[in-house]
Amino acid sequence: VKYFLRRLLFFPPLALIVATLCFFLVHLAPGGPFDRERAPASPQVEAALKRKYHLDESTPRQYLRFLGLLWERGADGGLHRVEGGLIAGDFGVSLKYRNHTVTDMILQGLPVSMALGWLAFGFSIAIGAPLGFYTAVKRGRWQEWTGALAALVGICVPGFVLGPVLVLVAAIKLHWFPVGLWGSPMKAVLPTLALGAYFSGRVARLTREGAMQALQSDFLRTARAKGLGEATVLIRHALRPALMPVVSYAGPMLADLLTGSFVVENLFQLPGIGVSLVNSSLSRDYTMVVGLVLLYAVLLLALNLAVDVAYGVLDPRVRHE
Amino acid sequence: MRAVSNASGCTPGAFCFLRIALLALAVLLPVGCDRLPPPELVIHNGPEAETLDPQVLTGQPDGRIAASLFEGFTRFDPKTGKAVPGLASSWDISPDRLTYTFHLRPEARWSTGEPITADQFVWTWNRAVKPETGCDYSGFFYYVKGGRENVNATRSNTPPELGIHALDARTARVDLVNPTPFFLELCAMRVMCVAPPWAILKYGDQWLRAKPLPCSGAFQLLDWRPNDRVRLARNPFYWDAANVALDRVDILSGDAPNTALNLYLTGEVDYLTDRFLVPDSLVDVVAQRPDFHRFNYLGNYFIRFNTTRPPFTNALVRRAFSLAFDRVRIVERITRLGERPAVALTPPGTGGYTPPPGLGQEAVDAWAGDGDVEVRRAAMNAALDKSTAEARRLLAEAGFPGGAGFPVFSYMYNAGIRLHEEIAVEWQAMLRDRLGVRMELRPVEWKTYLSDMSKLNFDVIRGSWVGDYDDPTTFLDCFLSDSGNNRTGWKNMEYDRLLADAARTVDREERFAILRRAETILVRDEVPILPVYYYTGMMGFDDGQLSGIYATPTDEHPLWAIRVTGPRRHHRRTP
């Protein structure tokens, strides 16, 4: 518990560093959120727009405002903290989609990306772990080569190739699934496959490595010498250590999956945040970029912590250390 | 053994196992998604709307949705695109054409039931001209008395009152600066549509998220899910609700043309609104289908010269470049949708106007005939060779005989769009082969492109313009010396004077003659831009399923006029 709390204490400063870097980087990029093909009617309109969203201020001042640590002199002459900001959990209005706040946009998109992420995660583990374990057990036989090849194909074929192929075959030619959009279980199948294939390949390879090490270990020899059945040996004694590399990979994998994928969301026209992250940086939607990067950072930190805790549960040696 | 197909149409074995596994995955996995009742019509609208605020929006996708939610004194006729009575049932125009008195319909009401009054129009128009509103289209109010002063107001000066007044609850008077023949069309544009003052005062910038949102148009907003869809429902209080055929409409947003086309082909989408929803590589194939409809509209593709940067400070160089440009090659090889090659800025027929002949006109005319293709091509090539010879002469006169000594310069365009890349490469080859000039390509990311364009940080840059209303000034005004859309650094007093003269002229033919003189300066004498082609639009919808969608020059297709006349076709044959 102490360890857990100590790790939690590191969250805020780390998140702050990420947010700060992101804030200044995105402000350094050429162009701004209000640069458009059609020029504003007058310089006054442009200036008023920048004033309204405080883009006329110096970047450090904007940064303080973003943090919620800006004090301004009010009408009564006293100093007042400017409302909102990060400390109040308020990222402000999206500078591109000005009828929505950043929080609104994230709340709309995150459930979609997360649902798809969990599906792909489940798919990766459900396909990858048994496949990897099986290929390790069947070492040196044709099953190993076939399984390893399948895993390699999963890793090597990128989502932007696999996705269109799935759409062409399963949706357009065979009419099994819809070509895109979100809103029913059938619509989730192809995106899950497109997103999960790579990760299931990775999981299979990691499980295979873990299982091969475990299968050569002394404790398995002991278990066999004691006369345990092969199934018991494999499932009770080899599976757990075989999954250790997968567990450490699961954290970053889940963070990657839960925050959405630009390629898959764009290809299947899904309203997730993966598309928003790329589009907002391209359109210099400062508030949105920082909000999403911060969300990604917090998720990554939280999932890494969860991995370390899971490690402790799975491997007693880690608990002692 | 022969494989036997089972009832579901799949062969036994591994394939069927795969299908069962996938189905199991679909059924077993909990997907948190709420389902909306099915709409009558699903429209694909391209990118997500940035805003639906009629006074703030600029994008075409935004405008297409907002046009259904808000209405002005007039609205667009679905067949002609001309202004017809909207919230105003009639109007009186003073003999000098400077005063319009609009009479609002007594039955005009918001979707929330409140009456629509002349005061609300006054309030909305005043909101639009306030710089704080951030209305990029507020230049449309320059035609209204006091509009220019209000839009350009600084904190220190108090602008005059805007020339719109409520005479009573149902009558509004608008005073104009000049007789403006297209003013009624402007009144139908989003920026002049009435917005609900009380909702804006209560919710500020977030007023469009108000539930229920008061709407003045034929539809009301039921749901808005960013990056997914907007759901509209018929506004029961709309004055013409009896003639609105659709009850529920979904408007989808998405950036990927492949997906948009796939959604249409598999029957998930009924109506593709834009040519850019078809992948560039497939436009000519898709255009052959009977359910894809092509039409010419007010838009053009051109190239801007930075006239403040040598050697483009010299009009001889700019004219040479325009003369040696093979426009037919671009529309034939690259755009492939039947676009018309352009030698002027204004598309022919804009509001009944004919643009003056531009540089390279002979080649374009030779190609435009109806005769045998080979004969036309030969005539076109001969004309092009002639104009290229003239271009070489001009270049030599400018000090670069045969292109010798011409500095290497760069052509900037926004990266990632195949069309722009292909045009750039073609032009590069034309300049090298015809004029002996070396041009480098400079593809840049969108915001860098916009930022560099407005700062004049380029040699030559890709440009385009889509007209807002059916009159040549929607194009010609861009190149006024003080226009923010000029972006060439070109300033010409004579051009400005001619446009000012035209604005004061009531007689149509006389006005057009003045505009033609101005456009001649633009595309023949001074040439700050090199026109390439006029846009051709394309929409996808099945005539057997939908009616009420017509080709209009301003690309306006009001939703209230669209009817579902037949069943939805699932799985349209793939191209």
Side-chain angles (χ1 to χ4, degrees), chain A residues 29-32 35-45 47-49 51-52 93 96-101 104-105 108-109 111-112 115 119 122-123 164 167 170-172 175-186 188-189 192-193 266-269 271-272 275-276 279 282-284, chain B residues 19 22 25-27 29 31-36 48 50-53 56 58 130-139 142 151-154 205-209 225-228 252 254-256 258-260 262-263 265-266 268 445-448 450-452 454 464 483-485 487 571 574:
Chain A
D35 283 330
R36 269 196 276 267
E37 199 155 20
R38 171 180 289 275
S42 70
Q44 282 74 16
V45 172
L49 209 52
R51 202 162 48 238
K52 186 170 179 176
V93 173
K96 179 162 189 192
Y97 305 108
R98 284 181 273 156
N99 299 138
H100 307 276
T101 62
D104 264 354
M105 294 287 283
Q108 290 262 357
V112 175
L119 290 176
F123 173 78
V167 169
I172 293 180
H175 308 313
W176 287 358
F177 300 102
V179 291
L181 303 181
W182 188 250
S184 73
M186 289 299 274
V189 175
T192 302
L193 294 181
N266 195 43
L267 180 68
F268 292 97
Q269 208 173 307
V275 170
S276 296
N279 284 348
L282 290 179
S283 56
R284 308 290 186 271
Chain B
R19 188 179 177 186
L22 294 178
L25 185 71
V27 174
L29 295 170
V31 187
C33 45
D34 51 329
R35 302 183 81 170
L36 293 163
E48 167 69 14
E50 292 181 20
T51 172
L52 297 180
D53 187 327
V56 176
T58 54
K130 276 198 186 78
E132 303 85 79
T133 307
C135 172
D136 286 347
Y137 267 101
S138 52
Y142 285 6
V151 172
N152 290 279
T154 53
D205 278 352
Q206 305 293 305
W207 69 275
L208 278 143
R209 312 293 288 156
R225 300 179 182 186
N227 296 319
D228 183 17
L252 306 187
D255 293 326
N258 284 304
T259 314
N262 283 339
L263 287 169
L265 293 175
T266 52
E268 297 260 353
E445 173 257 7
W446 177 240
K447 286 285 178 175
T448 310
L450 293 178
S451 164
D452 281 355
S454 61
S464 58
S483 166
N485 293 312
R487 290 159 169 175
H571 302 302
T574 48

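Order of the sequence lines fixes the chain letters, A, B, ..., with proteins taken first and strands second; residue numbering starts at 1 for each chain.
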Output the option from [options] having the highest count of non-hydrogen pairs under 4.5 Å with chain B.
options                               : answer
A/Leu282, A/Val275, A/Asp104          : A/Leu282
A/Asn266, A/Val167, A/Val93, A/Val112 : A/Asn266
A/Ala48, A/Ala41, A/Ala47, A/Gly31    : A/Ala41

For the atom pair [atom1] ([X]) and [atom2] ([Y]), what is the distance rounded to the nearest 0.5 Å?
X        : Y        : atom1 : atom2 : value
B/Leu263 : A/Phe268 : CG    : CZ    : 11.0 Å
B/Glu50  : A/Asn99  : CD    : CG    : 10.5 Å
A/Ile172 : B/Leu265 : CD1   : CG    : 7.0 Å
A/Leu181 : B/Thr259 : CG    : OG1   : 9.0 Å
B/Leu252 : A/Gln269 : CG    : CD    : 6.0 Å

Is a donor from one side chain sitting under 3.5 angstrom from an acceptor on the other, for [X] and [Y]?
X        : Y        : value
A/Ser276 : B/Asn227 : yes
A/Asn279 : B/Asp255 : yes
B/Ser464 : A/Glu37  : yes

Residue pair A/Arg98 / B/Asp53, side-chain heavy-atom distance below 4.5 Å:
no

Any heavy-atom pair between the side chains of A/His100 and B/Arg209 that's under 4.5 Å?
yes

By side chain to side chain contact (heavy atoms under 4.5 Å, CB included), which residues pair with A/Pro30, not counting sequence neighbours?
A/Arg284, B/Thr448

Can you list everything that forms a side chain to side chain contact (heavy atoms under 4.5 Å, CB included) with B/Asp205? Sequence neighbours excluded, please.
A/Lys52, A/Tyr53

Do you know which of [options] has the most heavy-atom pairs with chain A at a distance under 4.5 angstrom?
options                      : value
B/Cys135, B/Pro226, B/Gly134 : B/Pro226
B/Asp452, B/Val56, B/Leu450  : B/Leu450
B/Trp446, B/Tyr137, B/Tyr142 : B/Tyr137

So for [X], is it side chain, backbone, both, or neither that comes closer than 4.5 Å to the heavy atoms of chain A?
X        : answer
B/Ser138 : both
B/Asn258 : neither
B/Ser483 : neither

So what's closer than 4.5 Å to chain B heavy atoms on A/Arg36: side chain, backbone, both or neither?
both

Taking all heavy atoms of A/Pro271 and all of B/Asp228, pick out the closest pair and write down the distance.
CB-CB, 3.5 Å

Using only atom types and a distance under 3.5 Å, with no angle test, would you say the side chain of B/Lys447 pairs donor to acceptor with the backbone of A/Gly32?
yes

